[in-house]
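The structure under discussion appears below in the form of structure tokens.
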There are 2 protein chains.
Amino acid sequence: MPARKIQRTEGRTRLNRDRVLETAISLADEGGIEKLSMRRLGEELGVEAMSLYNHVSNKEDLLNGMIDALYGEIELPSHDDDWKTAVRKRSVSVRAVLLRHPWANGLMDSATQAGPGTLRHHDRVLGTFRNGGFSLAMTAHAFSALDSYVYGYAKQEKALPFDSGEEAAAMANVMLAQLPPSEYPYLHELMSKHVLQPGYSYADEFTFGLDLVLDGLERARDSEG
Amino acid sequence: MPARKIQRTEGRTRLNRDRVLETAISLADEGGIEKLSMRRLGEELGVEAMSLYNHVSNKEDLLNGMIDALYGEIELPSHDDDWKTAVRKRSVSVRAVLLRHPWANGLMDSATQAGPGTLRHHDRVLGTFRNGGFSLAMTAHAFSALDSYVYGYAKQEKALPFDSGEEAAAMANVMLAQLPPSEYPYLHELMSKHVLQPGYSYADEFTFGLDLVLDGLERARDSEG
DNA sequence: ACCTGAACACCGTTCAAGT
DNA sequence: ACCTGAACACCGTTCAAGT
């Protein structure tokens with residue numbers, strides 16, 4: 001009988017899919033998605049890149065898995081709240097998750113295979129509308145309109161440098177300086193007289209649009225049939 | 001005096017930035033953004049990849065230039081229409097452009113430098129709100145809410161296989177078959193009793209949400225101050 | 001069953017050299 | 001002024017070989 005093999009991973013847990021996904025998410029959070037390579041991920045896990053293929057079938061599968069894991073971070077709409085409150089809370093949570101993982105939004109388009117976390121999440125959102133008195137057709141409308149807004153907002157928020165904070169303000173000031181007022185009068189006005197005024201933060205725009213959509217959906221539901 | 005040099009590009013026009021951008025857009029349209037490499041683009045233009053660096057400073061600059069060129073394809077809001085009609089038309093146009101160039105939406109987040117086409121476009125949209133009686137603060141709200149919806153919708157549309165058409169229906173049927181009704185009752189219901197019914201097309205959801213947002217903005221403007 | 005080393009067919013970008 | 005060839009430091013993925 002041979003002696004037990006020595007641990008080859010130097011005290012670290014054995015590699016598995018969850019650990020691969022978790023580490024990949026951390027790497028993307030830190031360095032952006034363009035820094036996430038199979039080789040770099042292997043290095044981080046103390047393993048050759050090729051070993052990863054025992055746990056994900058290829059890079060696309062890795063990315064799909066990462067996205068599905070993130071859906072698990074989103075707060076599911078609660079059965080205890082009315083539909084509007086429940087859907088509002090989960091929308092705020094979607095945005096928070098996308099702020100924590102800015103690389104994720106762009107990947108969702110190309111995520112070919114929806115995983116169980118994704119399906120579960122969508123099912124609960126749909127159920128919230130249905131139980132809130134929305135017809136099937138109106139549920140489809142609501143789901144599309146709401147998520148278009150929420151994911152679209154997260155996309156804009158990532159692109160714009162209008163967060164509050166000093167570097168953001170400095171950046172916006174540089175932008176303004178490069179903006180000829182004669183050519184772009186309305187952009188110039190908005191920037192100088194509103195966006196760059198103390199107290200403005202693009203982050204605050206989120207709830208305006210969210211409530212606009214939710215109120216619109218409620219009205220549409222009530223005036224149906 | 002030496003004789004005139006022979007044409008080295010075999011009768012083709014000399015390389016310039018516009019031709020580089022144009023060809024890059026065509027390549028991305030045909031093969032997706034992941035097929036667009038400096039080497040492949042050079043090949044298409046009958047030139048070594050390294051020659052491209054005489055016309056774009058690097059790949060990021062190339063991508064920024066492509067995005068800015070696309071803004072030129074979007075129909076600007078007309079001064080002859082009332083604000084709602086004008087903004088509605090240009091929103092429909094944004095979506096059409098993103099359908100023609102599905103790779104573009106994902107790139108807009110990371111487009112670091114807004115070019116003149118982009119700025120011009122935004123300026124005109126802002127001007128349309130301002131001249132339509134929106135305050136500066138309400139214009140900021142409107143711009144954010146509307147574009148979040150429009151770009152977000154284009155993003156969803158790209159990801160979903162619910163276009164009308166036979167292959168799309170086949171794909172959706174496969175999805176449905178993999179969806180346990182006990183685990184995902186609401187997804188199952190929506191798919192089987194609505195989305196897969198004849199006549200449904202996800203494309204039609206666009207105008208529902210668009211009008212919801214536009215009506216909401218009008219209401220917000222009217223109830224202001 | 002899981003991990004590795006070498007190899008293949010790619011990338012973006014630099015730099016010195018050509019015309 | 002513009003284009004090229006060679007080189008550098010990377011990619012994702014395969015395959016046969018190791019334990």
Side-chain angles (χ1 to χ4, degrees), chain A residues 1-21 23-24 27-28 30-67 103 106-107 110-113, chain B residues 1-21 23-24 27-28 30-67 103 106-107 110-113:
Chain A
M1 232 183 220
R4 269 293 194 15
K5 258 182 239 159
I6 56 155
Q7 285 184 281
R8 67 195 115 170
T9 44
E10 297 151 16
R12 303 173 80 168
T13 4
R14 194 104 167 285
L15 213 53
N16 58 48
R17 186 174 228 263
D18 281 350
R19 220 154 72 76
V20 169
L21 294 179
T23 308
L27 271 184
E30 288 160 24
I33 196 70
E34 71 283 353
K35 290 278 177 166
L36 176 68
S37 71
M38 299 300 275
R39 285 165 146 100
R40 180 80 192 73
L41 177 56
E43 196 182 325
E44 192 74 15
L45 287 159
V47 113
E48 296 299 315
M50 299 74 207
S51 306
L52 301 171
Y53 287 83
N54 290 308
H55 304 99
V56 294
S57 49
N58 48 39
K59 194 170 184 185
E60 191 188 337
D61 182 39
L62 173 73
L63 296 174
N64 284 344
M66 291 165 70
I67 293 296
W103 46 270
L107 251 63
S110 39
T112 40
Q113 277 282 25
Chain B
M1 232 180 218
R4 267 296 192 14
K5 255 180 242 160
I6 56 155
Q7 284 184 281
R8 67 197 114 170
T9 44
E10 297 152 16
R12 304 175 77 169
T13 5
R14 195 104 167 284
L15 212 54
N16 58 47
R17 186 172 227 261
D18 280 350
R19 220 155 73 76
V20 169
L21 294 180
T23 308
L27 270 183
E30 288 160 23
I33 195 71
E34 71 282 353
K35 291 276 176 164
L36 176 68
S37 71
M38 299 300 276
R39 285 164 144 101
R40 180 81 193 72
L41 177 56
E43 197 182 324
E44 193 73 14
L45 287 160
V47 114
E48 296 299 316
M50 300 75 207
S51 306
L52 301 171
Y53 287 84
N54 289 308
H55 304 98
V56 295
S57 50
N58 49 38
K59 193 169 186 185
E60 190 187 337
D61 182 39
L62 173 72
L63 296 174
N64 284 344
M66 291 164 70
I67 292 295
W103 48 269
L107 250 64
S110 38
T112 40
Q113 276 283 26

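Convention: sequence-line order gives letters A, B, ...; per-chain numbering from 1. Values reported hereafter were calculated over all heavy atoms of this structure, with side chains retained and with hydrogens, waters and symmetry mates removed.
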Q.
Could you work out, with side-chain contact (heavy atoms from CB on, under 4.5 Å) as the rule, every residue matching A/S57, not counting sequence neighbours?
A. A/D61
(Q) What's the closest nucleotide to the side chain of A/R39 if the choices are C/dG12, C/dA7, D/dC3? (A) C/dA7
Q.
OP1 or OP2 of D/dT13 versus the side-chain N and O atoms of A/Y53: is any pair under 4.0 Å?
A. yes
Q: With the side chain of B/R14 defined as its heavy atoms from C-beta on, choose the nearest nucleotide among D/dC2, D/dT13, C/dG12.
A: D/dC2
Q: Please report the closest heavy-atom contact between B/L41 and B/L27, naming both atoms and the distance.
A: CA-CD1, 3.8 Å
**Q.** Residue list, side chain to side chain donor-acceptor pair (under 3.5 Å) with A/Q113, at least two apart or on another chain
**A.** none
Q) Going through the checks in order, is the side-chain contact (heavy atoms from CB on, under 4.5 Å) test met by B/M66 and B/L63? A) CA-CA 5 Å; B/M66 291 164 70; B/L63 296 174; 3.9 Å; yes
Q.
What is the separation between atom CD on A/E34 and atom P on C/dG12, rounded to the nearest whole Å?
A. 14 Å
Q: Could you state the atom-to-atom distance from NZ of A/K59 to C1' of C/dA9 in whole Å?
A: 16 Å
Q. Between D/dG12 atom P and A/D61 atom CG, what is the distance in whole Å?
A. 14 Å
(Q) I need the CE-C1' distance between B/M38 and D/dC11, as an integer number of Å. (A) 17 Å
Q: In whole angstrom, give me the gap between the P atoms of C/dA9 and D/dA9.
A: 22 Å
Q) Once Watson-Crick and G-U wobble pairs under 3.5 Å are found, how is DNA chain C written in dot-bracket notation, 5' to 3', with | for any base paired to another strand? A) ||.|||||...|||||.||
Q | Nucleotide of D/dC3, D/dT13, C/dG12 approaching B/L15 most closely (side-chain heavy atoms) | A | D/dC3
Just list the side-chain donor-acceptor pairs under 3.5 Å for residues 31-40 of chain B, sequence neighbours left out, or say none.
residue: B/S37; atom: OG; partner: B/R40; partner atom: N; Å: 3.0
residue: B/R40; atom: NH1; partner: B/E44; partner atom: OE1; Å: 3.2
residue: B/R40; atom: NH2; partner: B/E44; partner atom: OE1; Å: 3.3

Q: Send over the distance from A/L41 CG to D/dT13 P, rounded to a whole Å.
A: 12 Å
Q: Could you tell me the separation between the CD1 atom of B/I33 and the C1' atom of C/dC11, rounded to a whole number of Å?
A: 14 Å
Quick one: which protein N/O atoms are closer than 3.5 Å to N/O atoms of nucleotides 4-6 of chain C? Pair and distance per line, please.
residue: C/dT4; atom: OP2; partner: A/E48; partner atom: N; Å: 2.8
residue: C/dT4; atom: OP2; partner: A/S51; partner atom: OG; Å: 2.7

Please list every donor-acceptor pair under 3.5 Å in which a side-chain atom of residues 48-55 of chain B meets a protein atom from a residue at least two apart or in another chain.
residue: B/S51; atom: OG; partner: B/E48; partner atom: O; Å: 3.4
residue: B/N54; atom: ND2; partner: B/S51; partner atom: O; Å: 3.3
residue: B/H55; atom: NE2; partner: B/L15; partner atom: O; Å: 3.3

Q.
Expressed as a whole number of angstroms, how long is the span from A/L36:CG to D/dC10:C1'?
A. 15 Å
Q.
Just the rounded figure in Å: distance from P of D/dC2 to CZ of B/R19.
A. 14 Å
